[in-house]
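Worksheet for the structure shown next.
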There are 2 protein chains.
Amino acid sequence: MTAHPELTRNQTLVLKALDRAEGPLSAYGILDRLRDDGFRAPLQVYRALEKLQQFGLVHRLESINAFVACCQPHGHRHETIAFAICSHCGRVDEFSDAAVEERLNEWVRAHRFKPAKTTIEISGECADCTARGAG
Amino acid sequence: MTAHPELTRNQTLVLKALDRAEGPLSAYGILDRLRDDGFRAPLQVYRALEKLQQFGLVHRLESINAFVACCQPHGHRHETIAFAICSHCGRVDEFSDAAVEERLNEWVRAHRFKPAKTTIEISGECADCTARGAG
DNA sequence: CGTCTGAATGTTATGACATTACATGTCGAT
DNA sequence: ATCGACATGTAATGTCATAACATTCAGACG
């Protein structure tokens, strides 16, 4: 389940770009960082991102149209994952909470809703930025 | 708290368009429906939407870049609201769960994160669409 | 009354994010 | 060898959102 096929060249490059960034990147941000590796078009990035998301190696942050490398590639399986996104420094914390997941599952069961993807994102200001008095 | 100033003409038109739609609309979808009312540019829509969101009359669905009229304008205050979005018929169900909110608040407190906005969206297929065997 | 001011509006242009469509390449299985 | 599945390259286009600037409207105040 946690196993996935060898990554292709493009997928590897995109994942490395996200790993190095330590923060979310937009698809076009990734593209810019991979110009020297021969990337020319957005689709090269989007296609790699699609696969990486399927493998669980990358997450998409819906609220900011950006992507991050998964911080615990094998720590959680296909659980519901929540993100805390600092709008000041861009830092993203990833966590999961069984109780939250269970409550959402209850609603879904009660309403016979067939979930495909669950998004939980908290945007705000992280402790560090608050401490140093961010604008 | 639930009171808000009189809506302007543009705000009223945008809200009515969303009410009539019974489903999420993109900003450009709203624009198209308001051509006959004199709307010409996206900004007219976005400006109205911004205010309506502040008043709590409209929600933005981050995962599909669309907007819906709030189904219970005064039922919940500024609670965390969750959405179940059917990707087949577009239906959106809005709900809130105190336990979910409490668990997220606990994480936030523990990490001294100052939340600004919380997004919870479950995309998938609603009961009706599943029943009639949607593609 | 005149005018000052803040909010809303109108308009053009541009920026940012994502996909369609089609051609080409790569590699293993038969 | 050639077939099929998948990955890739490229151009064009579609979709979502905001910047910058001019104008209009309604109320406060002398």
Side-chain angles (χ1 to χ4, degrees), chain A residues 3-18 21 23-55 57-68 85 87 90 92 117 119 121 123, chain B residues 3-18 21 23-55 57-68 85 87 90 92 117 119 121 123:
Chain A
H4 45 261
E6 295 299 316
L7 298 181
T8 67
R9 168 183 154 82
N10 283 5
Q11 289 160 15
T12 304
L13 286 169
V14 167
L15 185 56
K16 277 187 186 171
L18 283 174
L25 289 180
S26 73
Y28 280 72
I30 296 169
L31 176 57
D32 285 341
R33 293 173 186 229
L34 295 178
R35 297 275 182 201
D36 293 343
D37 294 293
F39 274 51
R40 308 291 306 276
L43 216 56
Q44 296 173 289
V45 176
Y46 283 110
R47 284 200 277 232
L49 285 172
E50 185 179 12
K51 291 296 182 186
L52 291 170
Q53 287 178 261
Q54 286 171 13
F55 299 153
L57 299 173
V58 162
H59 299 296
R60 177 193 173 84
L61 301 176
E62 305 285 355
S63 62
I64 58 173
N65 295 324
F67 303 83
V68 285
I85 306 164
S87 53
V92 174
K117 192 195 174 190
T119 298
E121 295 175 18
S123 64
Chain B
H4 45 260
E6 294 299 315
L7 297 181
T8 66
R9 168 184 154 83
N10 283 6
Q11 289 160 15
T12 303
L13 287 168
V14 168
L15 185 55
K16 277 188 185 171
L18 284 173
L25 289 180
S26 72
Y28 279 73
I30 296 169
L31 176 58
D32 286 340
R33 293 173 186 229
L34 294 179
R35 297 274 182 201
D36 293 342
D37 295 293
F39 273 52
R40 307 291 308 276
L43 219 55
Q44 297 174 286
V45 177
Y46 282 109
R47 286 200 275 231
L49 285 171
E50 186 179 11
K51 290 296 180 183
L52 291 169
Q53 287 178 261
Q54 287 171 12
F55 299 153
L57 298 174
V58 162
H59 300 296
R60 176 192 173 86
L61 301 175
E62 304 285 356
S63 63
I64 58 173
N65 295 326
F67 303 84
V68 285
I85 305 165
S87 52
V92 174
K117 192 194 173 191
T119 298
E121 295 175 19
S123 64

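Letters go in sequence order (proteins before strands), and every chain restarts at 1. Worth saying up front: this structure is predicted, and the values here are computed from it rather than measured.
Nearest heavy atom pair, residue B/Arg35 against residue B/Arg40, reads NH1-O, 3.4 Å. Of all non-hydrogen atoms in B/Pro42 and B/Tyr28, the two that sit nearest each other are CG-OH, 3.3 Å.
In this structure, CZ of A/Phe67 is placed 5 Å from P of C/dA18, rounded to the nearest angstrom. We find that OH of A/Tyr28 is positioned 10 Å from P of C/dT19, with the value rounded to whole Å. One can place OH of B/Tyr46 at 18 Å from P of C/dT12, the figure rounded to the nearest angstrom. Between the CG atom of B/Leu43 and the P atom of D/dA22 there is a distance of 16 Å, rounded to whole Å. Taking atom CZ of A/Arg60 as the reference point, atom P of C/dC17 lies 10 Å away to the nearest angstrom. Counting to the nearest Å, the P atom of C/dC17 and the CD1 atom of A/Ile64 are 10 Å from each other. Distance NZ (B/Lys51) to P (C/dT9): 10 Å, rounded to an integer number of Å. The distance from atom CZ of A/Phe39 to atom C1' of D/dT10 is 14 Å, rounded to the nearest whole Å.
With DNA chain C read from its 5' end, the first of the two nearest nucleotides for B/Asn65 and B/Gln44 is the one closest to B/Gln44. Projected onto DNA chain C by closest heavy-atom contact, A/Arg47 and B/Ala41 fall at different nucleotides, the more 5' of which corresponds to B/Ala41.
Annotation: the span from B/Arg47 atom CZ to B/Leu49 atom CG amounts to 12.0 Å, rounded to 0.5 Å. B/Lys117 NZ to B/Glu62 CD: the interatomic distance, rounded to the nearest 0.5 Å, is 4.0 Å.
The side chain of A/Asn10 places an N or O atom within less than 4.0 Å of a non-bridging phosphate oxygen (OP1 or OP2) of D/dG9. Listed pair B/Ser26 / D/dC16 meets the phosphate criterion, a side-chain N or O lying under 4.0 Å from OP1 or OP2. Side-chain nitrogen and oxygen atoms of A/Thr8 include none within less than 4.0 Å of the OP1 or OP2 phosphate oxygen of D/dC6.
The shortest distance between side-chain heavy atoms of A/Ile30 and A/Phe39 does not fall below 4.5 Å.
Relative to the side chain of A/Arg40, the nucleotides D/dC16, D/dT10, C/dA18 differ in distance, and D/dT10 lies closest.
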